[in-house]
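The structure appears right after this line, and notes come after that.
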Amino acid sequence: MRKYGILILLIVLVLLLSACTKDIEPKLELKVEMDITPIQTYGNQINQQKQGDEAVTFFFKDGDWVYATRFDRIVKFSIHAPEKEVAIYNFEGDEGCPSDISVLGGWIYFILEENDSQSNLYKIKKDGSEKTMLANYVASYILTKKEIYYESYEKSINSEELAENPKIYVTSFDGKHERTLPGENQSLCGIDDGWVYYEKTSNDDYALYRVRPNGKDRQAIFVADTKVTLDAAAYCVIEDNQVFLTRSDGEKTLIIKGKIDGEETLLTAVPEPNRIDTPMNKVGNWLYYAEKNKVYKINVMEKGRKQLVYQFENGEQGDVKYVNSILIYHDGILLSAFEKRVFIKNDGTVIDID
């Protein structure tokens with residue numbers, strides 16, 4: 001009888017512990033896939049996943065449709081009739097708050113911050129059915145042709161606080177197979193030409209690295225001078241073996257163009273030292289970036305040449321509406337300043353979304 005009692009207690013304990021965290025089914029080992037061509041999901045620049053608190057992708061354009069996350073729902077509307085919003089999925093009660101939305105095929109991918117502050121990666125069909133959790137504790141993600149790369153902060157066993165040791169994982173599109181990219185303190189920055197780019201987050205190393213999908217050929221691309229930077233890759237765009245990133249010298253934010261061999265060129269300086277999460281995007285020779293409520297573009301081949309693209313009006317109380325998202329498509333640009341969103345067509349026509 002005593003043995004049975006102990007057994008019952010152990011079963012109850014296991015059930016209680018498993019109920020304390022949202023989890024998914026145990027995953028099978030995912031084989032290493034060397035073809036990791038990233039898929040365009042966020043509007044031209046697919047390597048904008050390294051985002052700060054003020055640079056989260058809340059909407060995504062797919063043809064004439066814009067898919068957007070609101071506080072408690074996912075919606076879509078036509079770019080030609082933004083006032084006619086169609087609800088796709090409503091998050092009830094304590095389901096959470098969605099962000100980081102992208103669309104691929106018949107699926108919508110997003111990060112859901114649930115009420116226990118745990119951010120998980122989900123997918124849902126375009127008709128609002130089959131909501132499926134893919135991964136736990138996800139800070140950012142990038143879709144490739146065959147799998148998903150994501151950055152995760154594991155929970156400490158003895159603490160409710162998130163651990164300061166982010167890791168990069170790779171999961172299948174159904175979430176059933178997974179592997180870990182070898183290494184510690186890795187914050188995902190981008191994927192380009194068969195390389196995974198990441199920032200080391202240890203206190204004494206703010207370098208930007210790259211590594212092959214199998215964990216080999218690891219290289220330090222930029223080793224930051226701690227005297228002139230707070231964060232070597234707070235926001236970065238990676239394309240054609242070039243890296244565009246933001247740094248701070250304590251007085252202003254520096255936008256740097258760097259080659260893989262380490263050569264750096266200062267493109268411009270934003271007169272705010274602590275806004276190193278300044279959103280950026282690149283198409284052709286033009287790099288788009290934000291200065292408070294203004295969006296500029298600068299020719300990366302002609303240092304210092306910049307043009308004003310759009311300026312958001314200040315709030316009724318004079319508060320500045322900081323730009324938090326710049327997405328570029330073949331027919332125009334989507335800009336967001338939190339509650340205000342606009343689409344600028346290539347002919348210069350401005351469409352107010354909300």
Look at the side chain of Lys257 and the backbone N and O of Val300, then say whether any donor-acceptor pair between them is shorter than 3.5 Å. yes
Donor-acceptor check, side chain of Thr171 to backbone of His177, threshold 3.5 angstrom: yes or no? yes
Do Arg73 and Glu95 sit within salt-bridge range, that is, some charged N less than 4.0 Å from a carboxylate O? no
Can a donor-acceptor pair be found between the side chains of Tyr141 and Ser102 at a distance below 3.5 Å? yes
Can we say Lys123 and Asp174 salt-bridge, meaning some charged N sits less than 4.0 Å from an Asp/Glu carboxylate O? no
For Tyr137, does its backbone N or O pair with a side-chain atom of Ser152 as donor and acceptor, under 3.5 Å? yes
Asp217 and Gln219: side chain donor to acceptor below 3.5 Å: no
Would you find a donor on one side and an acceptor on the other, under 3.5 Å apart, between the side chain of Thr132 and the backbone of Glu130? yes
Taking Asn299's backbone N and O only, do any of them form a donor-acceptor pair with Asn285's side chain (distance below 3.5 Å, no angle check)? no
Ion pair check, Lys340 and Glu313, cut-off under 4.0 Å: no
Is a donor on one side and an acceptor on the other found under 3.5 Å between the side chain of Thr144 and the backbone of Ile148? no
Gln186 and Tyr197 side chains, donor-acceptor separation under 3.5 Å: no
Hey, does the side chain of Glu151 reach the backbone of Leu188 with a donor-acceptor pair shorter than 3.5 angstrom? yes
